[in-house]
Amino acid sequence: MGLLSGSLSVARFTVAHREAPDFDVAAFREIAPGSEVRESIGFVPFEIGAPWEVGAQRWAFRVRFDRIRPDATAVRERWKQLLASELEISGARFLGAKKRRELKILAQEELAFATSPRTKILEAVIDRGVLYVASSARSQLGLVTTLLRRIGVESAFKAPWVDRGYPDRAGELLASREPSDSPWGTEFLKALVGDSEVPVEPEAGRAKLAFAGTRISLAGEVLADLMAYLERGAEPISLRLSTGDRLFTLDGPSFRLSGAKLLAVQEAHWTELLDARLEQVIELFDLLDRKFGELVKTAD
């Protein structure tokens, strides 16, 4: 999954920067063998030696995150061995909490030196003041925006109610979600149910709802059950939608896409492939922005 191939998850942010971003300032550095460093994060180009700038006001980059995290079971077993050895050497009947903590840290450090880092790669593009990140996971998005801030690129959550200056609204179902989430997104999902231009997927649909203090998931031919729950006061959180030739799931409160199946693009140079797929993503967001303006109105 990513910007160049497969189904796609994507989130948008508005970005601002005084100068062209200098990604080399925070370029990725591999963790050296035997190093005490356990995590490393930084920018890498889409291809080795590829430029960061791939068009007018467009920069393509990847964020690489390496983490050394020893297997928890292995750490626990090594800790038991160290505890047993310490008891045998000291002749003590038991060990205090401080010593046990010290031996646990020692077990973690020993195994960390023999553990290879796990790598995660996130793809992203800044295009004319908008950041597109190929992920909908909150923790991953936070890594990208935090790293961009280190090179002077500020980002802010982008959604049609923000762009239109709609007032903030409170909602119980969002109490445990991130601050940028908004009930305006659930209003939009409700308004889309029954829409002919962006209909709910009728056969292989998916829906997540908040209802009576709980979360409900629907799958398959969901439309009848979805309508019934909405009539009883349920709030939609995400829906599997269609534009006729493209399928995607929209998380309403965060206005993020997941599982988006784009139209096939012929084999091409990676920059051409990126252009073609990003164009589809932008078109899809533009359509959703327009539909929000048509279907959801503020009372102010």
Side-chain angles (χ1 to χ4, degrees), residues 1-11 13 21 23-48 52 60-89 94-125 131-151 153 155 157 176-181 215 249 251 254 256-259:
M1 294 176 63
L3 290 174
L4 295 183
S5 64
S7 60
L8 177 67
S9 294
V10 62
F13 300 84
F23 297 97
D24 291 317
V25 171
F28 176 79
R29 300 288 184 267
E30 291 189 8
I31 300 174
S35 170
E36 294 185 359
V37 175
R38 296 290 177 264
E39 296 181 354
S40 181
I41 183 172
F43 296 111
V44 294
F46 262 67
E47 299 288 347
I48 295 176
W52 302 107
F61 59 94
R62 287 174 165 148
V63 172
R64 176 172 170 176
F65 180 54
D66 279 15
R67 172 182 290 172
I68 295 177
R69 179 173 289 178
D71 179 77
T73 301
V75 169
R76 190 160 49 247
E77 290 304 305
R78 178 56 181 153
W79 184 34
K80 290 179 180 178
Q81 293 173 358
L82 293 174
L83 290 172
S85 296
E86 184 67 22
L87 287 171
E88 183 178 353
I89 292 171
F94 63 90
L95 299 176
K98 181 179 179 181
K99 190 62 178 180
R100 291 172 64 86
R101 285 196 299 270
E102 291 176 352
L103 293 177
K104 186 171 186 179
I105 292 172
L106 178 59
Q108 292 171 338
E109 292 178 345
E110 285 183 359
L111 290 174
F113 280 112
T115 301
S116 298
R118 294 183 178 181
T119 299
K120 184 177 293 293
I121 299 287
L122 302 176
E123 297 179 346
V125 171
L131 167 66
Y132 299 89
V133 184
S135 175
S136 59
R138 289 162 168 76
S139 60
Q140 295 179 4
L141 296 172
L143 290 175
V144 176
T145 55
T146 299
L147 190 60
L148 283 171
R149 195 176 303 120
R150 287 175 52 189
I151 64 170
V153 179
S155 58
F157 173 65
S176 62
R177 297 166 71 85
E178 64 183 62
S180 59
D181 288 354
R215 299 295 173 94
T249 296
D251 182 291
S254 68
R256 294 170 189 160
L257 306 181
S258 62

> Which heavy atom of Leu3 sits nearest a heavy atom of Glu123, and at what distance?
Replying inline: N-OE1, 2.6 Å

> Between the main-chain N or O of Arg100 and the side-chain N or O of Trp79, is there a donor-acceptor pair closer than 3.5 Å?
Replying inline: yes

>> Side chains of Ser254 and Asp181 only: does a donor on one sit below 3.5 Å from an acceptor on the other?
In response: no

>> If the test is side-chain contact (heavy atoms from CB on, under 4.5 Å), which one of Leu148, Asp24, Val25 qualifies with Phe43?
In response: Leu148

> How long is the span from the CZ atom in Arg62 to the CZ atom in Phe28, to the nearest 0.5 Å?
Replying inline: 13.5 Å

> With a 4.5 Å heavy-atom cut-off, do Val75 and Arg78 have their side chains touching?
Replying inline: no

>> Working to the nearest 0.5 angstrom, can you tell me the gap between Phe61 CZ and Leu147 CG?
In response: 8.0 Å

> At their closest point, which heavy atom of Leu257 faces which heavy atom of Ser136, and how far apart are they?
Replying inline: O-CB, 4.0 Å

> Hey, what do you get for CD1 (Ile41) to CD (Glu39), rounding to the nearest 0.5 Å?
Replying inline: 8.5 Å

>> Can you tell me how far apart CD1 (Ile105) and CG (Leu82) are? Round to the nearest 0.5 Å.
In response: 12.0 Å

> Nearest heavy-atom pair of Ile31 and Val37: which atoms, and what distance?
Replying inline: CG2-O, 3.5 Å

> For the atom pair CG (Leu106) and NZ (Lys99), what is the distance rounded to the nearest 0.5 Å?
Replying inline: 8.5 Å

>> Would you say that Leu83 contacts Leu95 through its side chain, given a criterion of any heavy-atom pair below 4.5 Å between the two side chains?
In response: yes

>> According to ring-ring contact (aromatic ring centres under 6.0 Å, His included), who are the partners of Phe46, at least two apart in sequence or on a separate chain?
In response: Trp270

>> Measuring from atom CG of Leu141 to atom OG of Ser135, what distance do you get when rounded to the nearest 0.5 angstrom?
In response: 4.5 Å

